[in-house]
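Every value quoted in this text rests on a predicted model; they were computed, and no experiment measured them.
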Amino acid sequence: MKLRFLTVLAVALFLAPIHPVSAQPIPSTHVYFSPHGGCTESVVNALNAAQSTIQVQAYSFTSAPIAKALVDAKRRGIDVQVVLDKSQRTEKYSSADFLVHAGIRVWIDEKHAIAHNKIIVIDSHKVITGSFNFTKAAEEKNAENLLVIDDPDIGAQYVENWMKHQAHSVPYEGK
């Protein structure tokens with residue numbers, strides 16, 4: 001009886017259809033902390049690796065290395081779009097004007113008391129988020145955290161949220 005069962009099992013496995021395994025990327029997450037924990041460097045490296053799109057939402061944005069990486073991406077032909085908090089219109093050191101003058105589309109989110117998001121979505125699957133503001137102080141002085149999540153499902157949710165905020169924001173033309 002046992003031999004017959006094993007024979008039937010072997011034949012069933014042999015005749016079973018083979019389904020190819022999809023080549024889905026394996027989600028990954030990297031964590032960084034500041035001060036001096038490599039947050040800015042990880043953001044710049046991710047921006048430099050972008051292939052098609054970069055969508056940014058930022059509350060405070062004064063980081064020269066991150067702004068430069070966005071401009072470099074735009075020059076490489078990447079579609080770069082940025083939504084900023086309304087405070088960035090009047091901040092003395094905001095990167096908003098630098099981005100606009102480089103041809104990057106920037107919007108101001110006036111709908112909320114504070115547009116406190118700090119996210120970057122790269123190529124619809126890599127999400128950079130956390131308490132880390134895109135500022136020099138966040139890298140050098142503050143206690144902050146940054147997550148870099150590479151996951152298409154999470155990326156899609158962040159793209160959808162970014163689009164909702166962009167839709168109610170107003171274009172920023174610069175000073």
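- Scanning both residues, Lys86 and Glu110, for their nearest heavy atoms gives NZ-O, 4.0 Å.
- To the nearest 0.5 Å, atoms CG (Asp109) and NE2 (His116) are separated by 13.0 Å.
- Taking the side chain as every heavy atom from C-beta outward, Ile122 and Leu47 approach each other to under 4.5 Å.
- Salt-bridge formation is detected for the pair Arg105/Asp79: a Lys NZ or Arg NE/NH1/NH2 atom is positioned less than 4.0 Å from an Asp or Glu carboxylate oxygen.
- Ile78 and Ala50 get closest at one heavy-atom pair: CD1-O, 3.4 Å.
- Residues Pro35 and Lys141 approach most closely at CB-N, 3.9 Å, considering heavy atoms.
- Side-chain contact of Thr40 with Glu139: a donor-acceptor pair under 3.5 Å is present, judged by distance alone.
- Side-chain contact between Ile128 and Ile119: absent, with no pair of heavy atoms (C-beta onward) separated by less than 4.5 Å.
- The nearest pair of heavy atoms linking Ala73 to Val80 is CB-CG2, 4.1 Å.
- Asp151 and His125 are not linked by any side-chain donor-acceptor pair at a separation below 3.5 angstrom, with hydrogens and angles left out of the test.
- Side-chain contact check for Val159 versus Gln55: some heavy-atom pair is nearer than 4.5 Å.
- By the 4.5 Å heavy-atom criterion applied to side chains, Val83 and Trp162 are counted as neighbours.
- Taking the six-membered ring where the residue is Trp, His30 and Tyr32 present tilted rings, their angle falling between 30° and 60°.
- Summarising the geometry of Leu146 relative to Ser42, their closest heavy-atom pair is CD2-OG, 3.2 Å, with the distance given to 0.1 Å.
- Considering only heavy atoms from C-beta on, Lys126 comes within 4.5 Å of Val148 through its side chain.
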Would you give me the side-chain donor-acceptor pairs under 3.5 Å for residues 60-71, sequence neighbours excluded?
from: Ser63; atom 1: OG; to: Ile66; atom 2: N; distance (Å): 3.3
from: Lys68; atom 1: NZ; to: Asp72; atom 2: OD2; distance (Å): 2.8

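- Considering every non-hydrogen atom in both Asp97 and Gly174, the closest pair reads OD1-CA, 3.1 Å.
- Side-chain contact check for Asp123 and Ser52: at least one donor-acceptor pair (N or O, by modelled atom type) lies under 3.5 Å.
- Hydrophobic clustering keeps Trp107 apart from Ile104 (ILVMFWY residues linked when any side-chain heavy atoms are closer than 4.5 Å, directly or through intermediates).
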- Query: Could you go step by step and tell me if Phe134 and Ile120 meet the side chain to side chain contact (heavy atoms under 4.5 Å, CB included) rule?
  - Reply: CA-CA 10 Å; Phe134 308 129; Ile120 299 174; 3.7 Å; yes
- Verify side chain to side chain contact (heavy atoms under 4.5 Å, CB included) between Asp85 and Gln57, making sure each step is shown before the conclusion. CA-CA 8 Å; Asp85 178 69; Gln57 278 181 280; over 6 Å; no
- Could you please spell out the steps behind the side chain to side chain contact (heavy atoms under 4.5 Å, CB included) verdict for Ile54 and Val121? CA-CA 6 Å; Ile54 298 172; Val121 183; over 6 Å; no
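- A 4.5 Å side-chain heavy-atom check between Asn48 and Val44 finds at least one atom pair inside the cut-off.
- Side chains of Asn133 and Thr135: a donor-acceptor N/O pair is absent below 3.5 angstrom, by distance only.
- With sequence neighbours left out, the side-chain contact (heavy atoms from CB on, under 4.5 Å) criterion links Lys164 to Glu160.
- In this structure, a donor-acceptor pair under 3.5 Å is present between the side chains of Ser131 and Asn145.
- Here the side chains of Val56 and Gln81 are not in contact, with every heavy-atom distance at 4.5 Å or above.
- One distance of note links OG1 of Thr29 with CG of Asp150; it measures 8.5 Å at 0.5 Å rounding.
- Between His112 and His165, the ring planes lie tilted relative to each other; the angle falls in the 30° to 60° range.
- The other members of the hydrophobic cluster of Tyr59, by chain and number, are Ile114 (side-chain heavy atoms under 4.5 Å, ILVMFWY only).
- Linking Ile, Leu, Val, Met, Phe, Trp and Tyr residues whenever their side-chain heavy atoms come within less than 4.5 Å leaves Met163 and Val106 in two separate clusters.
- In the hydrophobic clustering of ILVMFWY residues, with side-chain heavy atoms under 4.5 Å counting as a link, Val43 and Val31 come out apart.
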